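Here is the structure we will look at, set down as structure tokens.
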Amino acid sequence: MNASPPAETLTLREIDPSLLEHVRERLAQRHRDTPPEELVAALMTSILDNSGYPISATRTDAGQIRIRYRLRSFSEPIL
């Protein structure tokens with residue numbers, strides 16, 4: 001029996017091209033062969049995980065970001 005609540009799926013279909021170009025340029029300056037989308041996903045995960053809100057984010061093997069809401073006694077409510 002699956003105890004997890006059903007997942008709702010939101011899909012981010014677009015990352016602003018100017019952000020991707022900026023990240024691509026910075027990666028090239030540092031001679032890093034990392035896809036810019038990978039770095040943006042890592043940044044979003046870091047921001048969400050380190051916020052005061054009861055949200056956590058993890059990257060999946062498919063390169064997607066999975067966001068979870070977990071109420072904690074010390075966290076700020078979202079609304």
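Bear in mind that the values here come from a model prediction, so they are computed numbers and not experimental data.
- In this structure, the separation between CE on Met44 and CD1 on Ile67 is 7.0 Å, given to the nearest 0.5 Å.
- Under a hydrophobic clustering in which Ile, Leu, Val, Met, Phe, Trp and Tyr are joined whenever their side-chain heavy atoms come within less than 4.5 Å, directly or via other members, Leu27 and Leu19 fall into the same cluster.
- With rounding to the nearest 0.5 Å, the separation of CG in Leu39 from CZ in Arg26 is 11.0 Å.
- For the pair Asp49 and Ala57, the tightest heavy-atom approach, listed with the atom from each and the gap, is OD1-N, 2.6 Å.
- For the atom pair CD of Glu21 and CD of Glu25, the computed distance is 4.5 Å after rounding to the nearest 0.5 Å.
- Inter-residue side-chain proximity for Thr58 and Thr45 is flagged as unmet; no heavy-atom pair is nearer than 4.5 Å.
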